[in-house]
Amino acid sequence: MTPWLLVLPTVLAAGLGVAVRRDDRWAGALAVTGTGVTLLLALVAWISQSGTVVGHLPSLPLGDLEVPLTLATDPVRLAVAAVVALVATAVQAYSTWYLAADDRYGQFAATVSLFTAAMLLVVVSSDLVLTVVGWEVMGWCSYLLIGHWSRRPAARRAALKAFLVTRVADIGFVLGLVGLAAGARSTDLGAVVRAWDRPTACIDAAVVSGSSLGDALGACGAPDATLRAVLLVLVVIGVLGKSAQVPFQDWLADAMEGPTPASALIHAATMVAAGTVVLAGLFPLLADSPSARWVLGLAASVTMLLAAVLAFAQSDLKRMLAWSTVSQVAIMLGAVAAAPDGAGPDAGLLHLWSHALFKSLLFLAVGWAAVAAGGTAATALRGSAAAAPVLRAAFLVGFLSLAGVPLVVGGVSKEHVLATAWDGAVAGDGPGIVVLVVLVLTSAVTAAYSTRGYLVLTAHVRQRPTAGGVTPAASAVLWVLTVLVVFGGLVLLTGTFAVGEVSLLWLLLTVLVVGLGVAVALRGGFDRDPAEVLARRLTPHADRGLGVDAVYRRLVARPVVRLARVVAFLDTEVVDAYVRGTAVATRAAGWTGVRLHRGERPSAGVGLVLAAVVVLGLVGVLAWS
Amino acid sequence: MVVSLLLALPAAVGLWLVSGGRALPVRPARLLAASTAGLTLALAVLVAVTRPGVDRAWLPELGVRWSFGVDGISVPLVLLTALMGVVVTAHAWVEVPRGGTPATFLGCLLLVEAGALATFTARDAVLFLVAFEVVLVPMWVLIGRYGDARDPRARTEAAQRFVLYTAVGSTTMLVGILLLVLSAGTADLRELAGGAGAALAPGTQLAVAALLVAGLAVKVPVFPLHTWLPPAHTTAPTAGSVLLAAVLLKMGTYGLVRLPVATVPDGFGRLAPVLAVAGAVGIVWGGLVCLVERDLKRLVAYSSVAHMGFVVLALASGSQTGLQAALYANIAHGVVSALLFVLVGGLKHRWGSVDLTVRRPALRETSPRLGFVLLLGLAGSLGLPGLAGFWGELLAIYAAWRPADDRPGAVLLSCAVVAAVGAALAAAYALRVAGLVWSGDRPDPESPATPDTVGVERWVLGGLSALVVLLGVAPMLLLSVTHDAVAALGGAR
Amino acid sequence: MTSLVSVDAVVLAPALAPVLGVVLVLVGDAVRPGRSRWALPLAGVVLVAGALVALRGSLGSELEPLRTLCLPAPDGACLWTAGPRTSTLQAAVLLASAAALALLHDGRAGRRDTAVTATLLLASATGGVAVAAARDLGSWLVALELATVPVVALVALRGTRSAAHGALSLLVTSLASFALLVLGAALWLTATADATFSSEAVAAAWADPDRRRVLVLAVTLLVAGLGFKLSLVPFHAWTPQAYAAADLGTTLFLAAASKVSAVAALLVVVSALVGAAPGPAVAVLLGLPAVASLLLGTVVALRQDDPVRLLAWSTIAQAGWVVVPLTAVSATGLRAAAAYVVTYAAATTVALAVVARTGARTLAGTRGLLRRDPLAGGALGLALLVLAGLPPGVIGLVVKVLALSAPVAAGVWPVAAAGVVAVVLGLAVYLRWVAVLLARPEPADGPGEEAGDTAHGRSTRVVVVAGTVVLVLVSALPQLLVGGLS
Amino acid sequence: MIHLVGPYLLAAALVGLGVAGIALRRNAVLLLVGVELVLSGGLVLLVATQAAGADRWAAGSVLPLFTITIAAAEVVVALAVVLAVFRQRGSIDLDRRSEPEDAP
């Protein structure tokens, strides 16, 4: 099955969705069908396919650059594609209920379809250009989805911020990929990896046979390691932006202004996770470049812990989930950064896979609860899980998974990340040790805020919130996701993800750390919000994301606008001045000429003639005698 | 024969409309103009498919021949021009500006089209120049007579500035062409590109290239020679703006490809760093001005400066990829800017002005179709993948990163970085416009809603939007057309 | 010994025709004095007939020019040598004179001095025709003055105070330039020891440093003397005064016929230098006035509000353009100069004829002309665009290309640069007027405003139409003009 | 060949005198005289050239005759114009501007 089949249905759904956007029922049916078909195709392929399948378009005739436009599927990519399609289907089905009253539902559904298509493209892309295509389209769709309720100034601002922050980071992404492609004279991922890979075997053989390392590098045609490091760092910068990692972290929490299903999609399976997919594709190069790994590892580590702490202190539960996303994505990236050369990026991808399941569940459930409770603030949502049995189950499973309790899907994947980080720390050539330490700390904090979320949502309140006309489709979605979160860990049995064994020791350690976090969270008892007990003073700052927004404005936005004013001034007053100056000078010359001839004295003509003759004669005779 | 007909048809009908038929009422006039444009488009397609040529003596004294024909480089531009002819004449159903008779207006549009077609098909350097000048007077009339009715003074000034500034460029180019033709001994562009130009002494090549580049840079326009463009666009009527952006600017880049790049590659190579820097500065400069510009039309004009910066940068890189990128970005900008100018012109028609500081009901709320097209245009303008603008700009950055071997790599690499920053600026200004015009509150019930697009305007916008998407999702359509000609150019080096 | 020189009347016909006209007019006037309304039409017919004969000559070949007044065998030199270029220039002189007559005819219906006018004009045309074919100093000087002197009288003939003033300006400048020409001719003879304009003699003179110095001085004086006729800066001061003061017909004669004959005379001198004298010396002598004319003419024209004065200053600028290709001192330069001056003459003829037709005294007087009077407006617009060198006035662009190609080929860069500037400034000048033509006519601009010497006559109309047809034809097929000048 | 320093000097002196007259005098008639002086300088030069070494047509002797004739004709026209000007404005001062009231 050609990989293009995975992307096509959602693209079609998006295209047709624009056409039928006026009719909610058609739009909904189309959207769900599009993602559903993709899900089916992905599952079928995942089950039936063993090796790698490559799909081509006619390559672009670009002279010395080869752009084959290849797509490739292998089991890991298919697994990720399947989960993306699953989440997208869930979101589409859920939003037929959630946005039933919205006057622009059709547009929303079409945009979600396009968003899904873009993410699927990134997942199955084996060509850097196609990666950029998917990457940028996702950014644009996030702008549309976050700003869906564009009548609200906050939503408009959040959408703008999300797009601009990621686009600024994309400067690095695009440059990095362009540089990589330039080195390989091809945009094919395989060709790029081959061109930039360190020819280790050759070098080792040369060194063994007695030549120096420098000679060996030269003899084997090794690529410029410094340039490779720079390019990879550039790509990493782009990934940090899209994945909302430090220093670009602030846009994601604001993005909560979008409709909850959109948040679920952005957070769970698509945009923020895309960076992990891209870096996994470039893993062979990344593994050879310690500097890029350090940059990624450090940024991920800082983000992991910072976001977890901020999540704990949020007064708004939806924003808490947002920050938890930032933290969890940092864990995935940390896994990629920490993984030693032999390990591969699959631990990070596995965590992506599981995170997609439980985070979408949590978001969709919180969305329902918020509808029932009339707001997303922790105080409003207090006890709202009582609205429906499925919510209680969903929150329980979801938060257990988020906290990383063993056996549920989130726990399974997190243990593998820990194990990978340990391997990396042992190998000692990357940021493994830092990631490991911070990850352990983060696990505790994560457990704490998961506990907090569960406590708040399931607290006993006198007035039970009403379920509020939920359609069977929406509750079915939640049930399915709940079940998958519980049993999703079984994916390991398929052998899709090439991760190592996890020893019991890790299991024990995890339980210990999680238990610690839960215990800390429970210090204030079961009835009080742990954040009020432990982080009352942090909450206002956490809600503002520690004021990073102001820093962005002061450091980037304002200087750029000021520069723009200066440039606009220069444009009219300096660059254009010579144009106007010419006009003025010409007019002045004309005026002078007119003045000189105003008299029209007959004698003036004669005088001029004589003077000119003398001058010309002198010039002529002196110059050419 | 077909080529002659392609040029003669719009020229003849245009001339008749501005002379004998000037008094024709608007209905028959626009029907005539539109059917002429449609027929021209059909002829253009025929020419693109069959690639005929015509070659007769014209001025034997100067070795100038009446030689027209197309190759892979000119075919897309011929099609674009013919298409824009249809767009602007169809737009007459939406709006016929006052300032003179409708027939004269339409005639001028057709004359501009004819001149542009002649420029793109000329195979003789001097003939190219003559064709290049043909568009000046009709365009001058379009801006000066049919421009913004509210400000006659600004109109006159903008028209005068347009014609004089571009004349500086074309006369400089004329001197360059003469030097080239006289030193190479032939005016045939094919011979010149086939080695007659490359055989010149390095000093002559440099002089020719300098004159040609300086002259054509005005038309493109390349920073810092761009200041004629914003006033011209601001005051020109919608159809004029469309032609200006989609056709006239392309004549500059086409000239760059045809003349200095193809004929004096070594001389051009020595100038390339300067051109690359100018292009890169233009990208950022235009983007920055767009961030604070108040008038939407001016803003789109400045964004043109930025986009043409990408084209120039790609050209300067000297590689085949660069040439392909430049040609692609060229066409893409033509389509996207045409879309934006039709749209912004429509908004100006509805609102009276397109001052961005005036608060108006958001388009998304009152006129969703217009809003959709605006958003599409802005997305295309910021280089969103899947839309026309993306390929040219990405490939331009690539080309600058990996230029031809004889180019100074460090300079072009810095230009690539600057261009990438410029792409982010494009996002910033596009979203600024979207935030101010497209999204916003529901209007007060009292404030008048902006009428949504209907009728011909809807079709025009729809067609252009479809083209923007088509170019974005199927780049091979265009790249494969230009590829052979570009490879031939590369082979001549 | 049969006769001193051989005479071929057919070859001489372009010059003999106006002479015949003079005789007929004088005889007629003597027979029926004061009732000579037919004088001008008769002169016109004669001039057109002469032009047709001359045009026949322009189809000939450069290698076998029409020759007559040849000395007997051993010497064999011919005093009258007319190749295709010369013939075309002669035809242009004659046709321009005919156009001037047409304007005079319409402008002074009922005047009594038509016979005098016709005589003067015919005499001057004879001189203009003859100077083009002259190849020796004597004929050249005589023909040149024959072309000049009657014009002074023509200007003065109008009889108004300003006409007298203009005539005085013209007179003193022309006297001074005549003196210079004679002095130049004497020096030329001293330097080359040959009374013909022959390149062999020039080459011989150039080889000797002493004689070279004298030759340069001679060329300087000749250029200065012709510069007056051409209105080159700094010999231009009389131009706006005389143009504005004279009848429009006379102005047209000054602007078109007189300029063509002056260029023909200059070409005679320069063609002797081609190949013989190294370029730079002549390039400077011709280049300085050319550049000065280009710049000053356009810049001042930019500020004129009187159409006639604007055209006067434009003449000065265009004179610069004519000389631009000559700075290359090459055969292509000669051709380019000839092509340029003919194109200029045609365009100026049309422009002045339209001005005469409308009687406009200010640019605003032609406001909206394109709508009020499409024929006149269109003709004027086309003529201005030809002068500006913009399509649809393709011929204007073609001759500018030709004019610039000569200095570019010879590497005279300062002149080429000045040309570039002048093109742009020229656009500003002419488009300013075209914009007025295009403007919406104001209600006040009724026909009642058209006072002054309006010439709504038929002959002006013929001039306008014929001139426009010529411009359109050569714009479509520049080869028609350029081919006749090789 | 004899040396002709004398005639050349005479010619130069005549031309210089004439030029000075043209440049300094503002009276139209005196200007005419200046012009005639320059002319006669040219004529002397011509004749001297002829004496120094005849060209094939003896132009040095013939040209002066032509020139004198033309000059005579020119003077006729010149005097007529000067007279007309004098009638019109009562002065033949070449420094007078054209009167604005009469300007077109």
Side-chain angles (χ1 to χ4, degrees), chain C residues 71 74-75 77 120 136-139 141-142 144-146 148-153 155-157 159-172 174-196 201 221 241 244-245 306 308-309 361 452, chain D residues 8 11 15 18-19 22 28 31-32 34-50 52-60 62-67 69-71 73-78 80-89 92 94 96-99 101-104:
Chain C
L71 296 175
D75 190 307
L120 287 172
D136 67 308
L137 281 175
S139 330
L141 263 183
V142 173
L144 197 55
E145 284 316 302
L146 180 57
T148 310
V149 176
V151 180
V152 180
V155 173
L157 209 57
T160 64
R161 186 183 275 203
S162 69
H165 188 81
L168 191 60
S169 270
L170 183 57
L171 175 78
V172 293
S174 85
L175 282 178
S177 76
F178 176 57
L180 295 176
L181 280 175
V182 170
L183 205 53
L187 286 168
W188 179 282
L189 189 67
T190 310
T192 64
D194 190 355
T196 60
L221 290 169
Q241 303 170 36
D306 174 357
V308 177
R309 274 176 195 268
R361 286 307 186 81
Chain D
Y8 286 147
V15 170
V19 167
I22 296 172
L31 185 128
L32 265 180
V35 167
E36 294 301 322
L37 278 174
V38 176
L39 266 180
S40 53
L43 299 183
V44 169
L45 193 58
L46 279 172
V47 175
T49 307
Q50 177 68 25
D55 72 304
R56 50 184 176 167
W57 296 345
V62 179
L63 272 184
L65 296 177
F66 280 119
T67 310
T69 321
I70 303 170
E74 194 134 322
V75 165
V76 170
V77 174
V81 169
V82 168
L83 268 178
V85 171
F86 187 74
R87 271 224 306 264
Q88 289 282 354
R89 53 181 214 190
I92 48 172
L94 293 176
R96 277 198 43 182
R97 300 180 166 191
S98 61
E99 277 98 85
E101 75 271 20
D102 193 53

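Sequence lines set the chain letters: A, B, ... in the order given, protein chains first and strands last, and positions in each chain run from 1.
For C:A156, the part sitting under 4.5 Å from any heavy atom of chain D is the side chain, from C-beta outward, and nothing else. Both the backbone and the side chain of C:L137 come within contact range of chain D, judged by heavy atoms closer than 4.5 Å. Using a 4.5 Å cut-off between heavy atoms, C:T192 makes no contact with chain D at all. Neither the backbone nor the side chain of D:A80 comes within contact range of chain C; no heavy atoms are under 4.5 Å apart. Using a 4.5 Å cut-off between heavy atoms, D:V44 makes no contact with chain C at all. Looking at C:L181, neither its backbone nor its side chain comes within 4.5 Å of chain D, counting heavy atoms on both sides. For D:L46, the parts lying under 4.5 angstrom from a heavy atom of chain C are both the backbone and the side chain. For D:A11, no part lies near chain C; criterion is any non-hydrogen pair under 4.5 Å.
Distance check: C:L141 CG to C:D136 CG gives 9.5 Å after rounding to the nearest 0.5 Å. Here the CD-OG1 distance, from C:E145 to C:T148, works out to 4.5 Å after rounding to the nearest 0.5 Å. Interatomic distance, C:L189 CG to D:Q50 CD, rounded to the nearest 0.5 Å: 7.5 Å.
You'll find the side chain of D:V77 stays beyond 4.5 Å of the side chain of D:E74, heavy atoms only.
Ranked by heavy-atom pairs under 4.5 Å with chain D, the first of C:V308, C:L183, C:L175, C:V155 is C:L175. Most heavy-atom pairs under 4.5 Å with chain D, from the set C:A186, C:A185, C:G166, C:A164: that is C:A186.
Closest approach of C:L221 and C:G184 over heavy atoms only: CB-CA, 3.7 Å. Summarising the geometry of C:F178 relative to D:T67, their closest heavy-atom pair is CZ-CG2, 4.2 Å, with the distance given to 0.1 Å.
Checked against C:V172 for a side chain to side chain contact (heavy atoms under 4.5 Å, CB included), the options D:L31, D:V82, D:V81, D:L32 give a single hit: D:L31.
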